[in-house]
Trainee: 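Let me give you the structure first, and then I'll get to my questions.
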2 protein chains.
Amino acid sequence: MQANLQQDESRSPRYYRIYQALLSDIQQGSLKPGDVLPSEMHIAQSYGVAPGTARKAIDMLVDRGWVERQHGKGTFVRRADFSHSLARFFRLTDREGVQLHPKSELLDIRVVPGTTDICRHLDLSDDSELIEIERVRRVDEMPLLHEIIYLSQVRFQALLNLPPDAWGDLLYPLYEQVCGEVVFRATDTLSAGPVPASPAHHLGLSPGAQVIEIARLARGYDERPLEWRLSRGRLDWFHYSFDIR
Amino acid sequence: MQANLQQDESRSPRYYRIYQALLSDIQQGSLKPGDVLPSEMHIAQSYGVAPGTARKAIDMLVDRGWVERQHGKGTFVRRADFSHSLARFFRLTDREGVQLHPKSELLDIRVVPGTTDICRHLDLSDDSELIEIERVRRVDEMPLLHEIIYLSQVRFQALLNLPPDAWGDLLYPLYEQVCGEVVFRATDTLSAGPVPASPAHHLGLSPGAQVIEIARLARGYDERPLEWRLSRGRLDWFHYSFDIR
DNA sequence: CAGTGGTCTAGACCACACC
DNA sequence: GTGTGGTCTAGACCACTGA
């Protein structure tokens, strides 16, 4: 009956404060992917609540995809499953709507002064230095996409020292493992336009031909912009698919 | 080792069976959009379970978007909110990413024999008759999209008797009000291709010019295919935007 | 005021994993 | 066996709504 404890600082319910505490443990890294959480009873006792209340906090973590229950074993922090990162963020398909698995070739990485436009997208001051990455993504040697990627030089500096063979086909796992930055969501905007010289060359087009442009702004857990990306692809190989709910 | 088949007719938990029963009431229409559900206590008593169990069933309905709680008032079946239908299903934007609000002009509606391809998309037998609708969607008199839409003649027959002035800018509200069919989700697939004669004419292009093609399969609550739609738009006015999570 | 949903308790028994 | 999560009970008090 110590209902008094709860009164003051809490306008939010106990299960919600426990949820926030556990989530913070995960985001700060004191609970790492693959780690087991304390048992429900343990959490209940250490926060001084009934088991049902602790369970409700864990329910929230499960619903939001942070942890996974395993009956009889425990509750575990989910690994950022990058076998699914491709399926989540790469939406190009073949003619029949089947997901493609492109290979990536790094063309160039360098530090450039940011343009006003890009810095504004990334919520940076207008004169910030940016990391610019240029890539080609191929399926069966066919160049499907040409990509130019901009990142904050401050937050992604570690990428500059990577040996060439450390670059795989996916960037987002690299962002997490090398820079500790996790891409949580993204907004894609598709349009068409004439292709500049460098992408034209890598896509096997003459400059000025029409291409699809996919502009992407990717954000972290806290909604901060992390990456601005401009992908260009040939019209004739372009198939892009997704669900609306 | 007794086979502890609890001989409950159900291997599923009680809250889940209550969830299914309530959901079925909503889908069958005995609970209509805007209706209030029985109170949690009432549900608990009438199913013979504890209040917490009934509440958990309602939690599932809330999580999945079927009902909405209103503290102090009750729990209500959600209305399919067609003031947001446009924002949900129409993703064309202007150059700056701002949602467009197109006007629709009905060009033609007729009954046609279905092609194998389209009937298969709609889960109909190959020789089914279909309703074919042809529309143009304009913003400021500029023809933005040409659409051809296919529907089951059986389920959407009521559309054939509509007076021309009953056709507004949006079809999905019409499907619900006139035919009782609710579009719940859709899959869009974007690609590019040469434009046939009729769309070319309405979009102000010469036949064979490249256009964007948006193929959509829209489905109801129960995942049944409802509508197959092929929209074509000029490359130079094409901007399509959405979120990935 | 009575009725509703929102939170919380302190247990119970079951099913599953592992030793 | 013990310890875990999964389900369920039978209450309690609170906060909000509307008559």
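Letters A, B, ... mirror the listed sequences (proteins, then strands); counts begin at 1.
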Trainee: Checking A/D63 against A/K56 for the salt bridge (charged side-chain N to carboxylate O under 4.0 Å, His left out) test, could you report, in this order, the C-alpha distance in whole Å, the side-chain angles of both residues, the deciding distance, and whether it holds?
Mentor: CA-CA 10 Å; A/D63 290 343; A/K56 183 153 185 177; over 6 Å; no
Trainee: Does the plane of the ring in B/W228 sit parallel, tilted or perpendicular to the ring in B/H121? Use 30° and 60° as the thresholds.
Mentor: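 Because their plane-to-plane angle is under 30°, the rings of B/W228 and B/H121 count as parallel.
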Trainee: Does B/S30 reach the main-chain N or O of B/D25 with its side chain, forming a donor-acceptor pair under 3.5 Å?
Mentor: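 Side chain of B/S30 to backbone of B/D25: a pair is present.
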Trainee: Of A/L170, A/D169, A/L145, A/V136, which meets side chain to side chain contact (heavy atoms under 4.5 Å, CB included) against A/S104?
Mentor: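 One option only clears the test, and that one is A/D169.
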Trainee: Is the shortest distance from a Lys or Arg side-chain nitrogen in B/R69 or B/D59 to a carboxylate oxygen in the other one below 4.0 Å?
Mentor: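 Salt bridge: yes.
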Trainee: Let me know the distance between OH of B/Y16 and P of D/dC8, rounded to the nearest Å.
Mentor: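 After rounding, the reported distance stands at 13 Å.
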Trainee: Tell me which residues in residues 55-69 of chain B put a heavy atom below 4.0 Å from DNA chain C, sorted by number, or none.
Mentor: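 DNA chain C contact set from residues 55-69 of chain B: B/R55, B/R69.
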Trainee: Would you mind telling me which residue lines up with the more 5' stretch of DNA chain C, B/G52 or B/V36, judged by nearest nucleotide?
Mentor: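 Per heavy-atom nearest nucleotide, the more 5' residue is B/V36.
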Trainee: Rounded to whole Å, please give me the gap between NE2 in A/H71 and C1' in D/dT7.
Mentor: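 Going from A/H71 (NE2) to D/dT7 (C1'), I get 9 Å.
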Trainee: Which comes earlier along DNA chain D counting from the 5' end, the contact point of B/A50 or that of A/K73, where each point is its nearest nucleotide?
Mentor: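 Comparing both residues, the 5'-ward one is A/K73.
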Trainee: Could you check if a side-chain atom of B/Y15 sits within less than 4.5 angstrom of a side-chain atom of B/M60, using non-hydrogen atoms only?
Mentor: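 In short, these two side chains touch, coming nearer than 4.5 Å.
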Trainee: Report yes or no: does A/R17 contribute a side-chain atom to a donor-acceptor pair with the main-chain N or O of A/S12 at less than 3.5 Å?
Mentor: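 Such a contact is found between A/R17 side chain and A/S12 backbone.
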Trainee: Nearest whole Å is fine: how far is D/dG5 P from A/L37 CG?
Mentor: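 So the CG-P distance, A/L37 to D/dG5, works out to 8 Å.
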Trainee: Please report how far the helix from C/dC1-D/dG18 to C/dC18-D/dG1 bends, comparing the axis fitted to its first five pairs with the axis fitted to its last five, to the nearest 10 degrees.
Mentor: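 Axis-to-axis angle, ends of the helix: 10°.
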Trainee: Can you tell me which nucleotide in C/dT9, D/dC8, C/dG5 comes closest to the side chain of A/T53?
Mentor: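 Nearest to the side-chain atoms of A/T53, counting from C-beta on, is C/dT9.
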Trainee: Calculate the interatomic distance between A/Q45 atom CD and C/dT9 atom C1'; express it in whole Å.
Mentor: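 One finds 14 Å between C1' of C/dT9 and CD of A/Q45, rounded.
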Trainee: Between C/dA10, D/dT4, D/dA10, which nucleotide has the shortest distance from any of its atoms to the side chain of A/P51?
Mentor: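 Within the option list, the nearest is C/dA10.
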Trainee: Grab the CD-P distance between A/E40 and C/dA12 for me, whole Å please.
Mentor: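 My rounded result for the distance is 17 Å.
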Trainee: From D/dA10, C/dC8, D/dT7, pick the nucleotide closest to the side chain of A/Y15?
Mentor: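 Given the options D/dA10, C/dC8, D/dT7, the side chain of A/Y15 is closest to C/dC8.
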Trainee: For A/Q70 and D/dG3, give me the distance from atom CD to atom C1', rounded to whole Å.
Mentor: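 Roughly 15 Å, once rounded to whole Å.
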Trainee: Nearest whole angstrom, please: distance from the C1' of D/dG3 to the CD1 of A/I43.
Mentor: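 Going from CD1 in A/I43 over to C1' in D/dG3 covers 15 Å.
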Trainee: Is there a side-chain contact (heavy atoms from CB on, under 4.5 Å) between B/Y172 and B/E227 once you walk through the steps?
Mentor: CA-CA 10 Å; B/Y172 293 173; B/E227 177 205 68; 2.8 Å; yes
Trainee: For A/R14 and C/dA10, what is the distance between atoms CZ and C1' respectively, to the nearest whole Å?
Mentor: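 Between C1' of C/dA10 and CZ of A/R14: 13 Å.
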Trainee: Set out, in order, the CA-CA distance, both residues' side-chain angles and the distance that settles salt bridge (charged side-chain N to carboxylate O under 4.0 Å, His left out) for A/R216 and A/E147, then state yes or no.
Mentor: CA-CA 11 Å; A/R216 166 175 296 178; A/E147 295 183 330; over 6 Å; no
